[in-house]
Chemist: 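Below you will find the structure I want to go over with you.
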2 protein chains.
Amino acid sequence: MMNSKYLKIYNLIKTKIENGELKPNTKLSSENELVKEYNVSRETIRKTLNLLVQNGYIQKMRGKGSFVLDINKFDFPVSGLISFKELAEKMGTRSETIVNELELMEADDFLVKHLEVQEDDLVWKVIRTRKIGNEKIILDKDFFNKIFVPSLTKEICEDSIYEYIENTLNLEIGFAKKEITIEPSSEEDEEHLDLGKYDMVVVVKNYVYLSDTSLFQYTESRHRPDKFRFVDFARRR
Amino acid sequence: MMNSKYLKIYNLIKTKIENGELKPNTKLSSENELVKEYNVSRETIRKTLNLLVQNGYIQKMRGKGSFVLDINKFDFPVSGLISFKELAEKMGTRSETIVNELELMEADDFLVKHLEVQEDDLVWKVIRTRKIGNEKIILDKDFFNKIFVPSLTKEICEDSIYEYIENTLNLEIGFAKKEITIEPSSEEDEEHLDLGKYDMVVVVKNYVYLSDTSLFQYTESRHRPDKFRFVDFARRR
DNA sequence: AAGTGGTCTAGACCACTTT
DNA sequence: AAGTGGTCTAGACCACTTG
């Protein structure tokens with residue numbers, strides 16, 4: 001629900017921090033002040049502040065107050081779940097997507113293993129090259145269970161598949177498991193990427209689950225090593 | 001506070017899930033049932049469950065209930081903040097640490113930039129090689145601000161510096177910023193690691209902050225590419 | 001209709017920091 | 001002593017899924 005009070009207040013404060021309206025290392029209003037300011041209960045303000053803590057915007061200190069953290073905002077989008085298009089937009093880089101392959105196929109052993117489908121179930125296969133500043137840097141191999149994504153077009157793939165999934169199909173993404181490894185480059189990599197002297201690629205495997213816990217997508221994102229960068233903000237759990 | 005009710009209940013349920021006492025894809029007791037079971041209020045149970053959601057143990061569904069997720073527990077420790085020693089112990093691999101260098105030095109430009117210290121401030125420099133199954137795989141370069149870590153010995157470095165920091169010095173770690181990139185191997189890498197044919201290393205840069213937001217450690221962890229693996233569980237924020 | 005999780009409230013007590 | 005965040009409660013209403 002986006003009409004919840006705590007989410008609205010969260011977005012207000014988050015925007016103020018990103019704008020610089022609230023400056024790094026300064027003290028936020030206390031919980032009791034925010035209660036008056038926004039006319040809500042303290043537990044609601046605390047929900048808001050805990051979200052800001054979780055996402056690296058503030059740090060709370062008992063007896064002292066909440067303080068705005070100084071995190072370079074451009075570092076953030078790379079972390080967590082985010083699509084190539086969203087990322088490129090936030091970074092402000094020129095980028096282009098080439099759809100190399102788009103087909104409906106019957107699941108083979110590889111997909112039975114990685115997409116939890118039955119043999120011969122129908123699966124969308126999408127292979128795309130991502131260009132950044134005129135160089136082919138990333139090869140994205142996406143596989144979608146057809147049960148969840150009935151149709152797919154070249155136009156959708158050139159834009160953002162995620163946007164289509166969330167806004168048009170109204171599927172809700174719950175969580176994802178990501179794995180980063182380094183592998184020797186394949187013939188396919190060499191065919192679709194400008195690898196130059198590099199003979200290895202950074203492989204980011206992504207298993208994406210809907211909020212009803214069904215696995216609906218497996219993605220392999222293969223990056224030229226020199227252009228790869230992964231940034232993460234972590235709190236001790 | 002470890003004596004909080006919600007944390008105790010969290011650890012109880014977490015352990016049951018890790019044990020297999022609560023099986024993947026089964027339904028957890030409802031919030032109202034847990035309220036009776038543990039004799040606490042519903043908001044306290046909800047705090048517990050939200051922690052389990054955050055850390056990938058369960059998924060909640062409105063109107064349906066909470067469900068145990070099937071996450072291979074060995075995948076987890078690699079994510080977030082965890083030390084080499086904790087990691088090796090959880091994975092059950094034989095490992096060994098060689099301390100190559102341990103010295104107190106005056107901060108140079110590099111440290112002024114990465115550790116937010118003044119020029120000539122004293123900084124502990126620790127260079128360690130990590131052996132896994134008899135091969136030198138990881139080179140760890142750690143830098144600690146002496147203000148926070150007054151003394152350091154070879155014995156501590158061979159064990160776990162983190163354990164020393166948290167249990168002996170009683171410093172509380174708040175959060176960390178991690179960056180993963182691929183770089184050409186340096187002479188230092190070649191000297192201390194069994195790189196074989198590889199001429200690149202995976203570099204994990206870690207900026208570790210205390211809970212009062214002061215930066216107290218900068219670490220570079222340099223891995224042989226074939227043995228590197230980073231796993232992450234992410235929820236859409 | 002009954003049960004589930006999601007949000008919100010008002011009030012209480014505690015531990016810690018500052019004045 | 002006053003102010004801060006941390007925990008906990010009992011109760012309310014809502015939206016959603018199931019019988």
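Reminder, nothing fancy here: chain letters follow the sequence lines and each chain counts from 1. Values in this document were obtained by computation on a predicted structure and should not be read as measured data.
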Chemist: For the residue pair B:Glu179 and B:Thr181, confirm or rule out a side-chain donor-acceptor distance under 3.5 Å.
Modeler: no

Chemist: Do the side chain of B:Thr26 and the main chain of B:Lys23 share a donor and acceptor less than 3.5 angstrom apart?
Modeler: yes

Chemist: Side chain of B:Lys60: nearest nucleotide among D:dT7, C:dA15, C:dG6?
Modeler: C:dG6

Chemist: Hey, which of these two, A:Lys5 or A:Arg42, hits DNA chain C nearer its 5' end, going by closest nucleotide?
Modeler: A:Lys5

Chemist: Taking only side-chain N and O atoms of A:Arg62, does any of them lie within less than 4.0 angstrom of OP1 or OP2 on C:dT17?
Modeler: no

Chemist: Taking atom P of C:dC8 as reference, at what distance in whole Å does atom NZ of A:Lys8 sit?
Modeler: 9 Å

Chemist: In plain terms, say whether A:Lys125 and A:Glu106 are close enough for a salt bridge, that is, a side-chain N and a carboxylate O under 4.0 Å apart.
Modeler: no

Chemist: Can you confirm whether the side chains of B:Asp212 and B:Ser214 place a donor and an acceptor under 3.5 Å from each other?
Modeler: yes

Chemist: I need the residues from residues 24-33 of chain A with at least one non-hydrogen atom less than 4.0 Å from DNA chain C; give them sorted by number, or say none.
Modeler: none

Chemist: Report the distance from atom NZ of B:Lys36 to atom P of D:dA10, rounded to the nearest whole Å.
Modeler: 14 Å

Chemist: If I take atom NZ in residue A:Lys47 and atom P in nucleotide D:dG5, what distance separates them, rounded to the nearest angstrom?
Modeler: 18 Å

Chemist: Assess A:Lys177 against B:Phe233: is NZ or CZ under 6.0 Å from the centre of the six-membered ring, and within 45 degrees of the ring's axis?
Modeler: no

Chemist: Run B:Leu104 and B:Val123 through side chain to side chain contact (heavy atoms under 4.5 Å, CB included) and show every step you take.
Modeler: CA-CA 6 Å; B:Leu104 199 53; B:Val123 170; over 6 Å; no

Chemist: Can you measure B:Met61 atom CE to D:dA15 atom C1' for me and round it to whole angstrom units?
Modeler: 16 Å

Chemist: Is any side-chain nitrogen or oxygen of B:Thr44 closer than 4.0 Å to OP1 or OP2 of D:dT9?
Modeler: yes

Chemist: Quick check on DNA chain D: between A:Ser66 and B:Tyr6, whose nearest nucleotide comes earlier from the 5' end?
Modeler: A:Ser66

Chemist: B:Asp212 CG to D:dG5 P: how many Å, rounded?
Modeler: 16 Å

Chemist: Measure the distance from CG on A:Leu49 to P on D:dG6 and round it to the nearest whole Å.
Modeler: 9 Å

Chemist: Please give, in whole Å, the distance from C:dC8 C1' to A:Leu34 CG?
Modeler: 17 Å

Chemist: Is the shortest distance from a Lys or Arg side-chain nitrogen in B:Lys47 or B:Glu43 to a carboxylate oxygen in the other one below 4.0 Å?
Modeler: no

Chemist: Passes side chain to side chain contact (heavy atoms under 4.5 Å, CB included), B:Leu12 versus B:Tyr38? Steps please.
Modeler: CA-CA 11 Å; B:Leu12 282 172; B:Tyr38 290 103; 3.8 Å; yes

Chemist: Identify which nucleotide among C:dT18, C:dG5, C:dC8 has an atom closest to any side-chain atom of A:Lys64, counting heavy atoms from C-beta outward.
Modeler: C:dT18

Chemist: Figure out the CD1/P separation between A:Ile45 and D:dG5, and round it to whole Å.
Modeler: 11 Å

Chemist: Taking both distances under 3.5 Å as the test for a Watson-Crick or G-U pair, what stems of at least three pairs does DNA chain C have?
Modeler: C:3-18 with D:1-16

Chemist: Would you say the side chains of B:Arg235 and B:Gln59 form a donor-acceptor pair under 3.5 Å?
Modeler: yes

